[in-house]
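First the structure, in the form of structure tokens, and then the observations on it.
As the structure lists them, so they are numbered: ligands from 1, and atoms in each ligand from 1. Only heavy atoms go into these numbers, but all of them, side chains included; no hydrogens, no water, no symmetry mates.
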Amino acid sequence: MSNGPDILVSEIFHSIQGESTFAGWTCAFIRLAGCGHGCRFCDTTYAEALGQTMTVRAALEQAMAFGAACIEVTGGEPLLQPGSYPLLEALCDRCPHVLLETGGFLPVDRVDPRVRIILDVKAPSSGVAEENCLDNLPLALRSPSRFEFKFVLASREDYLWAREFISAHRLAGSCTILFGAVFGKLELQRLAEWILEDRLPVRMQLQLHKYIWPPETRGV
Ligand code: SF4
């Protein structure tokens, strides 16, 4: 491959995948810099800094060298950088399990179809629920195996909103739906009890890395 375009990289590291159906796998992460969406509970605000300029090829080689079971491109918001598309494509040529974590406010229709897309749906307490890109839903419903919808909830109101969202958009039964709690804001036991009470067809998840390492640790 050529060196590809330049991308701005916040960090590249090797860790345990913490949030998705791949949780628990070894994973090489490429965290692209920049977002600006301003979610209230953002836990990667440090990725707003400019980051290091690298070619797609250099980032790919560095990530592949870890020999991890999967590779995830995350952020910040990766899709704000045009270089994220050739990066994902090149990763798919080399690795069978490529994940993209995106904030859900941009269209994902140009992402390589081999990528597993973990798509955030922002709940009201994030302050940006009005900006969820609903145009992504028809694409996800047409090819559900490519998508995981991720809700991170901070309150009962968020939970009820998310329950209504998955019902109104008929997501249940087709796509993987992940429900988790904003770390330190909503007790996991309460969330588990609500899910059980409602018999919701969602997969509850923890932010695994925040239990393995101190929650504020970077590069894990
Ligand atoms: S979209 Fe993600 S990276 Fe951007 S502000 Fe929201 S939580 Fe943070």
Side-chain angles (χ1 to χ4, degrees), residues 7-13 15 17-20 22-23 27-52 54 59 63 71-85 87-88 98-111 115-137 139-140 147-155 157-159 161-162 165 176-186 191 205-211 213 215-220:
I7 46 177
L8 285 172
V9 177
S10 173
E11 55 184 354
I12 298 177
F13 59 96
S15 189
Q17 216 286 340
E19 293 178 273
S20 73
F22 288 77
C27 184
F29 289 85
I30 303 175
R31 186 183 305 287
L32 298 190
C35 176
H37 199 44
C39 304
R40 191 165 292 134
F41 302 115
C42 179
D43 57 2
T44 53
T45 48
Y46 59 86
E48 290 295 347
L50 209 50
Q52 179 193 355
M54 299 177 82
I71 298 194
E72 176 169 319
V73 177
T74 184
E77 174 47 61
L79 297 182
L80 286 172
Q81 297 195 39
S84 63
Y85 296 96
L87 172 65
L88 287 162
V98 177
L99 319 179
L100 166 70
E101 166 91 35
T102 175
F105 59 94
L106 295 173
V108 296
D109 54 340
R110 289 169 48 220
V111 173
V115 173
R116 181 90 169 182
I117 299 176
I118 303 159
L119 188 76
D120 285 3
V121 183
K122 301 296 186 188
S125 67
S126 70
V128 292
E130 294 301 314
E131 292 165 59
N132 289 316
C133 177
L134 300 182
D135 290 347
N136 288 326
L137 299 181
L139 177 63
F147 285 85
E148 300 188 7
F149 286 91
K150 189 179 101 180
F151 297 79
V152 185
L153 311 169
S155 63
E157 290 66 37
D158 277 359
Y159 172 81
W161 179 91
F165 187 97
T176 297
I177 302 167
L178 308 164
F179 269 25
V182 176
F183 194 84
K185 290 281 174 200
L186 174 60
L191 177 58
Q205 65 168 5
L206 314 179
Q207 292 176 297
L208 204 53
H209 48 291
K210 294 193 179 176
Y211 292 87
W213 290 280
E216 65 286 349
T217 309
R218 283 179 54 171
V220 294

Tell me, do D158 and F151 make a side-chain contact under 4.5 Å, heavy atoms counted?
no

Does any part of the side chain of V111, heavy atoms only, come nearer than 4.5 Å to the side chain of L79, both counted from C-beta?
yes

So L32 and V9, do their side chains get closer than 4.5 Å, heavy atoms only?
yes

Is the NZ or CZ atom of R116 both under 6.0 Å from the centre of the six-membered ring of F22 and within 45° of that ring's axis?
no

Just to be careful: counting only protein atoms that are N, O or S, how many fall under 2.8 Å of atom 4 (Fe) of ligand 1?
1

For A181 versus L186, what's the shortest heavy-atom pair and its separation?
CB-O, 3.5 Å

Element-labelled atoms of ligand 1 that are located less than 4.0 Å from some non-hydrogen atom of K122:
6 (Fe), 7 (S)

Please say which of E48, E11, E77 ends up in a salt bridge (Lys or Arg N to Asp or Glu O under 4.0 Å) with R31.
E11

